[in-house]
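So the structure is just underneath, and the comments pick up after that.
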Amino acid sequence: MRLTLNTGPGKAAGIYTGSTVFQELNAFLGNLSPGPDSIFILTDKQSRSCCLEVLTCAVSSLLAAEVLEIPAGEKNKSLKSAEHLWNILAFKGASRRSLLINLGGGVITDLGGFVASTFKRGVPFIHIPTSLLGMVDAAIGGKTGINLGDIKNQIGTFQNPEAIFISTGFLGTLDSYELLSGFAEIIKIALVADICLWKKLGSIRLQDLLKMKPDKEIWEDLISASVAIKCRIVEQDFREKNLREILNFGHTIGHAFESLSLQTNRNPLSHGHAIALGMICESYLSVMKSGLDSGDRDAIIRMIFPDYEYYPLHRKDLDFMMEFIEYDKKRRSSGACFSLLRSPGNAISGERCEPGEIIESIDFYRALER
Ligand code: GLY
């Protein structure tokens, strides 16, 4: 299946999914005119060991590509890694006629997209996401970036890849922790923009889905639906001036959960798990501020629990989270605003919430402990 992300003249990216995705990649590489003078594959240690051989067996022209490997993990989405990669590209003689293939999760596609879009003012790149989160969110929509110290995605560009190739086969390399992390972004995209997908999710038992083989049609359907919805939003607001902000539903409080959990002596939460908990709080705020029905809020909670574990919060954690949210607000372009739901499938951005309201929403979450 081929979708197109169209973000302006000359800016269309083909997004390929389905069982023939590597044939599509073969054809794509063969049709490049002029062909690339060199091909680089950026990956991390984990994706290299699980996914690179699958890729090069299916697309033999990539056997000759130069592999650039970085260690796995968010801390490598840094200026230091970018500089390291620019140096290697320069040393290896990369030019604007080279091609960078980003094979990995969100760290690789964000970092690789950033390195490619800035090196010599722009080298073509393609994404081959290997995590569910990458397939449904990070690799889609043309955001590239690195972190500035502990501030996420503070430096970056908006630049679409030439194409994105999504092979659900790579889901077989992920454990349920990683699958759940990506699944939270599927829940989010349904809640902000597509009632049909939300209803479909309601008919799926997540525990059954997690046990299903990656070649089951349901995975393909969920991923294609999420990608199509995200493309619909991004096409209308590529540079996130307004509409695209709805994709931040669950993220304001979710990032506070994530940051709290990354403190020493805590259990780190995956990004998606933190966003799932953030969506519970922000659904509460949606009832209060944007007219979400409390029955729909309860349905959202039932979708999240018990598959995502409850994360206990102590009173002092609330202070940490509130400080984080205040601090985070100042450095975000959208300021103090939340993206909230009017109803499942219908969201608005730019909603101001007072500190007392945010605390109430976190207290609501705390009361769900059983
Ligand atoms: N991950 C949110 C966005 O792409 O806008």
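First listed ligand is number 1; within each ligand, the first listed atom is number 1.
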Report task. Could you walk me through whether R48 and E53 pass salt bridge (charged side-chain N to carboxylate O under 4.0 Å, His left out), step by step? Result -> CA-CA 8 Å; R48 184 176 193 161; E53 200 178 323; over 6 Å; no
Requested in this report: Have a look at ligand 1 and work out which part of D137, if any, has a heavy atom under 4.0 Å from it: side chain, backbone, both or neither.
Outcome: side chain
Query raised in the report: Hey, looking at atom 3 (C) of ligand 1, which of E185, H251, K143 has the closest heavy atom?
Result: K143
Report task. Work out whether the distance between some heavy atom of K230 and some atom of ligand 1 is less than 4.0 Å. Result -> yes
Query raised in the report: Are D317 and R266 close enough, and set up right, to give a salt bridge (charged side-chain N to carboxylate O under 4.0 Å, His left out), and what steps lead you there?
Result: CA-CA 11 Å; D317 297 336; R266 306 284 308 217; 3.1 Å; yes
Query raised in the report: Which residue owns the protein heavy atom closest to atom 5 (O) of ligand 1, what's the atom, and how far is it?
Result: R244 NE, 2.8 Å
Report task. Determine the sole option in N160, T118, T157 for which the side chain to side chain donor-acceptor pair (under 3.5 Å) test with T144 is passed. Result -> T157
Requested in this report: Decide yes or no on side chain to side chain contact (heavy atoms under 4.5 Å, CB included) for R244 and R239, but give the supporting numbers first.
Outcome: CA-CA 8 Å; R244 188 171 179 165; R239 290 180 183 273; over 6 Å; no
Requested in this report: Go through H127 and F125 one step at a time and tell me if the ring pair (Phe, Tyr, Trp, His ring centres under 6.0 Å) criterion holds.
Outcome: CA-CA 7 Å; H127 289 329; F125 61 100; 5.3 Å; yes
Query raised in the report: For ligand 1, which atoms sit closer than 4.0 Å to a heavy atom of L247?
Result: 3 (C), 5 (O)
Query raised in the report: Atoms of ligand 1 less than 4.0 Å from E240 heavy atoms?
Result: 5 (O)
